[in-house]
There are 2 protein chains.
Amino acid sequence: MYTSGMENESGVRGRTRRAILAAAASVLARDRAATLADIAEAAGVGRSTLHRYFADREELINAVVEDSLTVISQSIDEAALGQGPPLEAMRRLVAAMLDVADRLMFLWGDPRVLDAFDKSSPAEDGSEAAPQSVADLIERGQAEGVFDPEVSVDWIQNVLWAVVYTGVEQVEKGLMPRHGVHATVVRTFENGIRRHAS
Amino acid sequence: MYTSGMENESGVRGRTRRAILAAAASVLARDRAATLADIAEAAGVGRSTLHRYFADREELINAVVEDSLTVISQSIDEAALGQGPPLEAMRRLVAAMLDVADRLMFLWGDPRVLDAFDKSSPAEDGSEAAPQSVADLIERGQAEGVFDPEVSVDWIQNVLWAVVYTGVEQVEKGLMPRHGVHATVVRTFENGIRRHAS
DNA sequence: TCGTATTGACACACTGATGTCTTAAATTGA
DNA sequence: TCAATTTAAGACATCAGTGTGTCAATACGA
């Protein structure tokens, strides 16, 4: 074998595996019915190689879901949502989500994820699951009187996904510069579309 | 023949055709990869009957798209977006969209529609195309100082779709009562998620 | 450099969806 | 009721995607 005894990380296998996962997320995000041949081509590997890493389509999808959840969770963790004023934490959260837009777009297209991602996923280490920390942030914001207390935490969370998704879509369609998305998303998410005094 | 000379409207053929279109929109909205057999079953007709009305899958999809656009446009037309204060017109628009949620959800899942629906579709009668009238409303709202003038018309329109979509999704998942969606959507769309003085 | 693991291209069988056709039964309007 | 049309069900061929396997060529680590 190339790699010593390791299963996950480095070495050829790890790198190829990650390339396939990233390509799959990117391709499937734009067309969830994409062929395994399409994914293999996007990853720059042969279809038989893809099959060697992931026995069947379902196994690949599962791996991409898991991987995406991990990547997103890490990104959200780094936003340190528990620290500082809720409004600022929320802005960091938006930035974190925009950083992993590809994975987000993929998860968005997966039917079961909307359930899985809203509920708390088991965190092996001490850190809380990312979705739970988002919910915590929203609750905290409501308690401190910064976020609308008349609507549910779940609603706010879903609207956040939706507005971020819209922003990513606009960028991909070339209707908005990449560097302007964060400001627009945050502005709309916080204020809505009604004119406010500056 | 059953029907006299008519092509579209009433008679057995028209009724069967509409049943198939409605069933297709509903089924495809939830799973765009649904089988023609699934659609036929949902419509309560045999698969061969479906094939008699729509030669192949593509033709069916096209018909559903066109039909959905028509239904939605009618609903939006009835909202009379040109009349009254922009904010109130916008609330009527949200109500109109929620009325045709099934068709909206279907169109949402179709890759090319996002382009087709944002641009003006040709209106054979004197009335403006529905999307264009929405854009007009937004522009009017911005001009009158009611809507945020710092963001583009396109952005506001897309955020509107997104928030409405989120609302419909919540209802379908049973997370929100059907009669409460309109108020929540409007509230969030107008004010965002930040607390405002009542 | 050398031995070994890994790769990509190819061939093959299998499955499910699709589109076409036929036929007997059912529905329709008169 | 009756004749005409429409229907559902099934048989059938086709096709694309999938999963499996083989084999020579390649890339890697020691």
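Residue numbers begin at 1 in each chain, while the letters A, B, ... track the order of the sequences.
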Rounded to the nearest angstrom, tell me the gap between atom CZ in Arg15(A) and atom C1' in dT7(C).
14 Å

Applying side-chain contact (heavy atoms from CB on, under 4.5 Å), name anything that partners Ala63(B), two or more places apart in sequence or on another chain.
Arg17(B), Leu21(B), Phe54(B)

Rounded interatomic separation in angstrom, taking CD from Glu58(B) and C1' from dT18(C)
14 Å

Separation of atom CG in Leu50(A) from atom C1' in dG19(D), rounded to whole Å:
12 Å

Glu144(A): which residues meet the salt bridge (charged side-chain N to carboxylate O under 4.0 Å, His left out) condition with it, sequence neighbours left out?
Arg140(A)

Asp56(B) CG to dA17(C) P: how many Å, rounded?
17 Å

Integer-rounded Å distance: dT18(D) P and Glu59(A) CD
15 Å

So, using side chain to side chain donor-acceptor pair (under 3.5 Å) as the criterion, who are the partners of Arg187(B) when residues are at least two apart?
Asp148(A)

Protein-nucleotide distance (Ile20(A), atom CD1; dT7(C), atom C1'), rounded to Å:
11 Å

Minimal heavy-atom distance between Asn191(A) and His196(A), with the atoms involved, is O-CE1, 2.9 Å

Between the side chains of Thr184(B) and Trp155(A), does any donor sit under 3.5 Å from an acceptor?
no

For Asn62(B), enumerate each residue passing the side chain to side chain donor-acceptor pair (under 3.5 Å) test, keeping only those at least two apart in sequence or located in another chain.
Arg112(B)

N/O donor-acceptor pairs under 3.5 Å from side chains in residues 83-94 of chain B, not counting sequence neighbours:
from, atom 1, to, atom 2, distance (Å)
Arg91(B), NE, Glu190(B), OE2, 2.8
Arg91(B), NH2, Glu190(B), OE1, 3.0
Arg91(B), NH2, Glu190(B), OE2, 3.3
Arg92(B), NE, Ala79(B), O, 2.8
Arg92(B), NH2, Ala79(B), O, 3.4
Arg92(B), NH2, Ala80(B), O, 2.9
Arg92(B), NH2, Gln83(B), O, 2.9

Any side-chain N or O of Tyr53(B) under 4.0 Å from OP1/OP2 of dT6(D)?
no

Could you state the NE2-C1' distance from His51(A) to dA11(C), rounded to the nearest angstrom?
14 Å

If the cut-off is 4.0 Å, is Thr49(A) near the phosphate of dT6(C), judged by side-chain N/O to OP1 or OP2?
no

Hey, does the side-chain of Arg52(B) have a donor or acceptor N/O within less than 3.5 Å of a partner on the base of dG19(C)?
no

At a cut-off of 3.5 Å, list every protein nitrogen or oxygen paired with a nitrogen or oxygen from nucleotides 10-14 of chain D, distance to 0.1 Å.
none

Under the side-chain contact (heavy atoms from CB on, under 4.5 Å) test, residues paired with Glu41(A) that sit two or more places apart
none

Please give me every residue in residues 26-45 of chain B whose heavy atoms get under 4.0 Å of an atom in DNA chain C, ordered by residue number.
Thr35(B), Leu36(B)

Suppose we screen for side-chain contact (heavy atoms from CB on, under 4.5 Å). Which residues come up paired with Ala29(B), at least two apart in sequence or across chains?
Met105(B), Phe106(B)

Across all chains, not counting sequence neighbours, the salt bridge (charged side-chain N to carboxylate O under 4.0 Å, His left out) partners of Arg30(B) are Asp102(B), Glu172(B)

Angle between the end axes of the helix from dT1(C)-dA30(D) to dA30(C)-dT1(D), five pairs per end, to the nearest 10 degrees?
50°

Which whole-number value in Å describes the distance from Leu60(B) CG to dG19(C) C1'?
14 Å

Results of salt bridge (charged side-chain N to carboxylate O under 4.0 Å, His left out) for Arg32(A) - residues two or more places apart only
none

